[in-house]
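Since the structure comes first, as structure tokens, the remarks are kept for the end.
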Amino acid sequence: MRSNLPLKYFILLSFLFLFSLFIEPSWCMAQTKAGPVDITLEPILSSGWVTYIQDGDLFIRSTEGAPLKIRAKKETTGVIISPSLNVMGSSIFLAWIEKGSEGSKVMFAASRDKGKSLAKTSEIAAGTKATQVRTSVDHGGRLYLIEALSEKEPGIIINLSLDRGETFKQIPLGIKELEFLYYPISVTTDDMLYIFLSGVREGKDQVGVKLFEMNSLKPLDYTMIKETEQVSFIDAFIIKNRPAVIYKTSREGKFVLEGAVKGDKGWEIFSLKDAEGLDVARIDCHAWEDGRALVVFSGEEREKFKQRIYAAVSEDVGRNWSVRRMDNKEFDNTKSWLPRMAVDGDKVAVVWEDSRDIRSGIRMKLSFDRGKTWREQDIPLSDARKYAFRPRIGFSDGAFYAAWDQFRDDEKKVADLVMVRLKWDKMLKMESRKPKVISPKQKEALLRERVNAYWKGMLKKNIKVTYEIHDPFYRARIPFDYYSSHRGPMVYHHYSLEDVKIEGNVAMVKVKVNYDVPKIIIMGKETSIPPKEVVTEDTYLFIDGKWYRRFVDAMSGGSSIEY
Amino acid sequence: MNFFTKEGKMKTKVVIVFLVALLAMGAFSLAKADTLLFPVIAINPGSVTTIVSVINYADPSSTHLTYIYRYKDSLVGGLPNITGACSTTTVTRSTYTKDLVSFDTSGTFDGGSALFDTDAYGGEFSLPGTGPRRAYLLVTHSNAGGVPQTVTGAVSGIPIASSLVGEAIIMDISGGAAWGYKAINDTTRQNYTFDTTGVQTALANSLFRTFSFFPPNVWNTRFFVTPIGADMNSANLEATVRLSQVVHVLNRTGFEFVFTPPDITPKCTAAVDLSALMDSTTFSNVQTTGGFSRFVVSSATAAVAYKLEYVIENPTYGGTNNNGYLITTTTDTP
């Protein structure tokens, strides 16, 4: 037999081409996994490194190499809270608090060989009342561990290291003007450390800033920037060498995003007017050297639409902002929220947690031009078969790094940390893939078919059929035997599908049913319920290409899946 | 010392005077350790359990809390044990200011260790032993040796006498049913005595509105609110509810999430989800941890409100479980 190599190659290439059309983008990415992880702590990402807790031990890892154990559970003197990670060249710095009955300890660890080994673990403070610790590194290579003490003599403690964490000098900054302080966050510019915070003074809330001169190691005065209502979060950044702060508060009963930039004559207040009334869950900020700033955030308007993703841009050093919606979904009956951003020059990548497919997944959006325009697709980044949440993204050494937590199955009990390394050209390829689209007509036909199958099963008491049509999150928890042994006494005789309304992957279905209860024992007496006709309203969810009836508990109205 | 000599008698008198002086100065007085009473603990390992949650507001706090179980077998000779006496088992575990700890007294969940929590408490909290038992539980501030310790301060806005708050759910994990209650803190005294007057002060105390909640990614928490007032046969009364602007929302390790709590105004009667009482930032921060807060009726119109928590078809808890208890009958802030 003659060997026909060209034909064989052609078949092989054709097969690979056809196969690639059906591969989910995440399958093409090398994924690093660690688990099971403690999901009470979101992944903390810095450059290409992530920190997480597994079996009570604190780790760091990148996409390459083995994870590095920083602190074993048996060594800790309390629960690990507030971890903060920072990478500077080949050095990785990690600080955290161990909170226990003997008070809290502020701990610090460093690796100086790109995470191959742990160089140092030290106790920075003991018996402290610190509730939060953050690390940062300035352009001069100075390393800061900033502790926050929230109440009963609130204050800030700066632990400053000039030798990459070998030694620290402790500098307390009392803020006697305040009764309470919350959410401190710092930026540095021109050898000045700006610590922004939300505080309470004489019973009134405010946003303020405490300055610290780094060359002289001298704290300067605390300054109130603005009186506010209570503040939910604060973020800070540098824009054209000026420190800026942005925060969420409320005004006249509406949520608002406000901020301030340091001007020549003091703090210049700004407001993202188009975000007024939005309940913003979280923001992420970036500013370029020419004064352009980009803020990505998610917000909802209660009883109108669920969380969706926005981008706010300023071209004039934060004075004025234009806000536009970023995510690209047809209906807002599912949540898209908690965005994070990474930047490489003009290129921007944003990731967020998205429930449009009902099972939460990570989506990504790209911009070539610093957020001026965005690519069309909301790219699915995580495996669509796994419930993924709390994403982070960073950029380092020519690559983007993303990390998120992911449940192993639809029971949503055990989760792993997933980390991927992405190059821009690969990200663009992912973006160019068109999502599989099903026509509305076809989708409705599938729904009607499924609803009819369910009710035919109810009439015939075909429990296997009705069980399989329940959503996968319910079935992941409830085995068939339990389901079949907990059927009610009702006997269904007739049904008719009255109406369906589909919005994205969620449908409301009205079905008129006729049923009776031939025999029921109430308070010891046998009785029956005569035939009744009722209209039920059920929710169906389109998951993995099929419609499923959402299980809803009759008494509480709760369900196994929220979106 | 020979007590029968003149010298011995003199020395004895000196010692007695010294002891009396010490007593007068209170050196021998009992510590005023805030104490919480959980009046019903029902245990039948594998089928019935009681999950207890304790919030510690003492600041500075004692290093430990001591949990005193007074328990007996539920049945004697197959019949309900009505008149049998109780035995005592004590468990001492570490604590800190603004800690929230939840545990299964039967030891079924997580072997009796702290639930939803990675804190190192030094061991399990459950009542050792086997078989169905009934108990009540006292929780008090103590040192590592279980000796009650005086509480000298509390978190701002919290009276020292109310520095411990608690609640319990009694669950049938084989069939899926539950009920629950708030623990009692007699604010008139800080010892192991609970009487009618003292218990009723606890029920009327604003601290009664403090509640804990399990992780919202697993459990749902909801408040059933009915405004009360005149002409309830026809009036559409409205009351405004929200979460406390003083306590805010704290997670299990006592980190406080500050936010402007939304006002919700139920008319006639309504069910208000916990998530509706928080802003989205706070909800995202406590979604996987749970935590605690305080329920407020801020309007002039009072309301009766029940807290309901439920888990849906989760085999860990026996399927679907619902628990509800009264949280307020009045208007009260902050």
Side-chain angles (χ1 to χ4, degrees), chain A residues 38-40 42 53 56 73 76-82 99-104 129 131-132 150-152 179-180 182-183 198 205 229-233 248-250 253 255 279-282 298-300 302 307 337-338 412-413 474 477-479 482 486 551 553 555-560 562, chain B residues 59 61-64 93-99 116-122 144 153 155-156 176 215-220 222 245 248 251-263 271 276 279-285 287-290 308 310-316 319-320 322:
Chain A
D38 176 2
I39 63 168
T40 62
E42 294 185 21
I53 293 177
K73 186 178 179 181
T76 61
T77 54
V79 63
I80 292 175
I81 61 172
S82 187
K99 188 171 184 180
S101 60
E102 305 291 337
S104 298
K129 289 207 163 191
T131 53
Q132 195 176 349
S150 290
E151 61 178 281
K152 286 199 177 175
E179 289 122 48
F180 301 94
Y182 305 105
Y183 310 138
S198 164
D205 289 273
E229 296 291 333
Q230 292 179 319
V231 169
S232 300
F233 61 69
K248 172 189 177 186
T249 183
S250 67
F255 290 115
D279 180 1
V280 172
R282 193 173 290 180
S298 67
E300 68 183 69
R302 292 183 171 211
Q307 293 268 325
W337 72 333
L338 308 178
K412 296 189 276 145
K413 233 177 152 179
Y474 169 79
R477 293 179 175 188
I478 298 298
Y482 181 94
H486 283 75
F551 173 81
D553 178 61
M555 192 149 99
S556 60
S559 171
S560 304
E562 298 297 326
Chain B
D59 186 15
S61 172
S62 58
T63 57
H64 290 73
R93 296 287 175 254
S94 61
T95 187
Y96 51 80
T97 302
K98 292 200 265 188
D99 182 37
F116 321 119
D117 214 322
T118 52
D119 276 307
Y121 289 100
V155 169
S156 177
N217 65 334
V218 182
W219 287 75
N220 288 283
R222 186 178 260 196
Q245 288 179 317
H248 303 113
N251 66 9
R252 288 191 170 264
T253 53
F255 189 90
E256 191 172 353
F257 297 101
V258 176
F259 63 105
T260 304
D263 283 341
D279 74 334
S280 58
T281 307
T282 306
F283 184 74
S284 70
N285 285 325
Q287 200 175 14
T288 56
T289 61
L308 170 74
Y310 51 94
V311 65
I312 303 299
E313 296 301 354
N314 191 320
T316 302
T320 293
N322 297 275

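All values reported here derive from a predicted model rather than from experimental measurement.
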- Quick one: of A:K99, A:R282, A:E229, who has the most non-hydrogen atom pairs under 4.5 Å with chain B?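 It is A:K99.
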- Query: Pick from A:V280, A:I81, A:L338, A:T249: which one has the most heavy-atom pairs with chain B under 4.5 Å?
  - Reply: A:V280
Tell me, side chain or backbone of [X] under 4.5 Å from chain B's heavy atoms, or both, or neither?
X: A:K248; result: side chain
X: A:I39; result: both
X: A:D279; result: both

For a quick check under 3.5 Å, do [X] and [Y] share a side-chain donor-acceptor pair by atom type?
X: A:T77; Y: A:E102; value: no
X: A:S298; Y: A:Q307; value: yes
X: B:T260; Y: A:S250; value: yes

Taking side chain as everything from C-beta outward and backbone as N, CA, C, O, which of these in [X] sits under 4.5 Å from a heavy atom of chain A? Side chain, backbone, both or neither.
X: B:S61; answer: neither
X: B:P215; answer: neither
X: B:N285; answer: side chain
X: B:T282; answer: neither

- What's the verdict on side-chain contact (heavy atoms from CB on, under 4.5 Å) for A:Y182 and B:F255, showing C-alpha distance, side-chain angles and the deciding distance? CA-CA 10 Å; A:Y182 305 105; B:F255 189 90; over 6 Å; no
Quick check for you: to the nearest 0.5 Å, what is the distance between [X] atom [atom1] and [Y] atom [atom2]?
X: A:T40; Y: B:D117; atom1: OG1; atom2: CG; result: 8.5 Å
X: B:T281; Y: B:F259; atom1: OG1; atom2: CZ; result: 9.5 Å
X: A:I80; Y: B:T253; atom1: CD1; atom2: OG1; result: 12.0 Å

- Query: Most heavy-atom pairs under 4.5 angstrom with chain A, which of B:T63, B:N251, B:N220, B:T97?
  - Reply: B:T63
- When heavy-atom pairs shorter than 4.5 Å are enumerated against chain A, which of B:S284, B:S94, B:G290 gives the highest number? B:S284
